[in-house]
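Report on the structure given below.
Hydrogens, waters and symmetry mates are skipped; everything else that's a heavy atom, side chains included, is used. Throughout, a chain's letter reflects where its sequence line sits, starting with A, and its residues are numbered from 1. Everything numeric in this text was worked out from a predicted model, so none of it was measured.
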There are 2 protein chains.
Amino acid sequence: MLKLTRKTEYALIALSHMQRFTPKNLISTKELAKLYQLPVELLAKTLQQLAQAEILEAVKGAYGGYKIKTPLEQINMTEFFEVLEGEVGLTDCHTNTDCSQKNLCNIKTPMQKINKKMRTFFDEISLKEVVGN
Amino acid sequence: MLKLTRKTEYALIALSHMQRFTPKNLISTKELAKLYQLPVELLAKTLQQLAQAEILEAVKGAYGGYKIKTPLEQINMTEFFEVLEGEVGLTDCHTNTDCSQKNLCNIKTPMQKINKKMRTFFDEISLKEVVGN
DNA sequence: TTAAATACGATAAATTTTGTCGGAATTAAA
DNA sequence: TTTAATTCCGACAAAATTTATCGTATTTAA
């Protein structure tokens with residue numbers, strides 16, 4: 001349980017590769033997909049999201065591609081996850097005003113505490129740590 | 001992201017209620033479902049799982065129901081989650097020998113470290129803490 | 001014997017994730 | 001200026017998972 005989605009996994013694999021092998025140079029989606037046998041289209045979207053979040057720098061056009069823009073030590077896992085998936089937390093009591101439980105819910109306050117703890121947990125892990133090298 | 005499933009939420013709601021209002025007495029699935037407006041059948045299965053795991057004690061037959069068997073302070077969230085959903089972890093590199101990435105995967109070792117950390121994180125939170133009271 | 005409960009497997013419905021397709025915009029190089 | 005290689009983006013299809021329902025068996029107090 002609490003598994004990452006493929007998209008996030010693909011992102012980590014891509015970042016790990018860039019970090020190790022092409023930190024200064026561009027690498028294209030196609031190339032990455034081939035290297036790690038990932039579905040090109042999905043990887044493409046993932047990298048686009050990372051570019052929007054300025055984790056990657058995108059260079060369009062022929063001979064374009066991506067490279068790491070923000071040093072991975074400066075990005076924590078909460079931020080990273082939230083670029084690709086929604087808000088980090090075991091529930092979305094906080095955000096979601098129209099929780100079906102409404103006033104019946106008896107675990108709201110404790111869940112909010114755990115969610116906070118969890119965010120802190122992932123805040124303290126940098127992307128660099130996860131991506132290795 | 002990393003959200004709990006409904007089943008786990010229902011389990012927490014049920015446990016919270018029992019802890020507060022019926023720690024000595026039985027309460028039936030039907031009653032709980034009514035109180036918190038939860039789907040009876042799904043709640044039923046959830047409670048059955050908790051009973052199998054000896055978190056709850058089940059009493060069959062008329063006037064039967066459930067009550068807490070193991071004090072909630074003695075159950076940590078890793079254990080609890082794993083009763084209802086699979087193994088806790090962001091990936092299942094460790095368990096799953098036939099990961100599609102196979103030898104191509106470049107994030108296995110760091111992911112295993114994070115997974116371990118995450119388990120430790122949830123090991124240190126007791127069910128009582130989450131269920132409140 | 002009956003009614004009220006748990007137990008459990010099968011399956012249907014809904015939702016989410018994953019993957020694909022088609023085209024638009026950009027740009028280096030021929 | 002044309003072409004080929006790329007990012008970008010929205011829509012949609014397929015697959016997987018989660019959520020809910022149904023039917024039936026078993027248990028047991030009254």
Side-chain angles (χ1 to χ4, degrees), chain A residues 1-11 13-14 18 22 25-34 36-67 69 81 84-87 90-92 96 99-101, chain B residues 1-11 13-14 18 22 25-34 36-67 69 81 84-87 90-92 96 99-101:
Chain A
M1 73 161 306
L2 304 176
K3 296 283 175 287
L4 298 179
T5 60
R6 290 280 159 81
K7 222 165 67 173
T8 306
E9 282 185 25
Y10 298 164
I13 290 171
M18 293 183 200
T22 60
N25 305 349
L26 296 175
I27 184 167
S28 73
T29 306
K30 207 173 157 189
E31 211 172 337
L32 276 168
K34 201 167 204 176
Y36 296 95
Q37 292 178 23
L38 307 176
V40 194
E41 301 294 347
L42 193 51
L43 179 62
K45 278 194 192 163
T46 306
L47 298 178
Q48 282 162 32
Q49 282 183 273
L50 296 181
Q52 272 191 320
E54 307 205 52
I55 292 172
L56 294 181
E57 181 189 334
V59 174
K60 294 182 196 174
Y63 298 81
Y66 296 95
K67 65 176 176 179
K69 183 170 189 182
F81 286 153
L84 296 171
E85 314 188 21
E87 186 166 33
L90 296 178
T91 56
D92 32 37
N96 196 354
C99 159
S100 63
Q101 277 303 117
Chain B
M1 72 161 307
L2 303 177
K3 295 285 176 287
L4 298 180
T5 61
R6 289 280 161 80
K7 222 164 69 172
T8 306
E9 281 185 27
Y10 297 165
I13 290 171
M18 292 183 201
T22 60
N25 305 349
L26 296 175
I27 184 168
S28 73
T29 306
K30 205 173 158 189
E31 212 173 336
L32 276 168
K34 200 167 203 175
Y36 296 95
Q37 291 177 23
L38 307 176
V40 194
E41 302 293 346
L42 192 51
L43 178 62
K45 281 198 187 155
T46 306
L47 299 179
Q48 281 160 33
Q49 280 183 273
L50 296 181
Q52 272 192 319
E54 308 207 48
I55 292 172
L56 293 181
E57 181 187 334
V59 174
K60 294 183 194 173
Y63 296 83
Y66 297 94
K67 66 176 175 179
K69 183 170 187 182
F81 286 153
L84 296 171
E85 315 189 20
E87 187 167 33
L90 296 178
T91 56
D92 31 37
N96 197 353
C99 159
S100 63
Q101 277 302 118

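We find that CG of A:L43 is positioned 14 Å from C1' of D:dC8, with the value rounded to whole Å. Computed from coordinates, the B:I27 CD1 to C:dT6 C1' distance equals 15 Å when rounded to whole Å. Across the protein-nucleic acid pair, B:D92 atom CG and D:dT17 atom C1' stand 14 Å apart, rounded to whole Å. Separating the CG atom of B:L84 from the P atom of D:dT18 is a distance of 12 Å, rounded to the nearest angstrom. The distance between atom NZ of A:K3 and atom C1' of C:dT16, rounded to the nearest whole Å, is 17 Å. Atom pair A:M1:CE and D:dT18:C1' shows a separation of 13 Å (rounding to whole Å applied). A:E57 places its CD atom 17 Å from the P atom of D:dT6, with the value rounded to the nearest Å. In this structure, CG of B:L56 is placed 14 Å from C1' of C:dA7, rounded to the nearest angstrom.
Neither side chain, B:E9 nor A:T91, offers a donor N or O lying under 3.5 Å from an acceptor on the other.
Residues B:T8 and B:F81 form a side-chain contact, since some pair of their non-hydrogen atoms from C-beta on lies under 4.5 Å apart. The closest side-chain heavy-atom distance from A:L32 to A:M18 is below 4.5 Å.
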Quiz item: Can you give one letter per nucleotide of nucleotides 17-30 of chain C, going 5' to 3': B for a protein heavy atom under 4.0 Å from the base, S for sugar-phosphate only, - for none?
Solution: -SSBB----BBBS-
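Among residues two or more places apart in sequence or in another chain, the side-chain hydrogen bond (donor to acceptor under 3.5 Å, both in side chains) test is passed with B:K30 by none.
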Using a 3.5 Å cut-off and no angle test, enumerate the donor-acceptor pairs between side-chain atoms of residues 38-51 of chain B and protein atoms at least two apart in sequence or in another chain.
from, atom 1, to, atom 2, distance (Å)
B:T46, OG1, B:L42, O, 2.8
B:Q49, OE1, B:K7, NZ, 2.9
B:Q49, NE2, B:V83, O, 3.4

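When the side-chain nitrogen and oxygen atoms of A:T29 are compared with OP1 and OP2 of D:dT7, one or more of them lie within a distance under 4.0 Å.
When B:L26, B:T29, B:I55 are each tested for a side-chain contact (heavy atoms from CB on, under 4.5 Å) with B:Y66, only one passes: B:T29.
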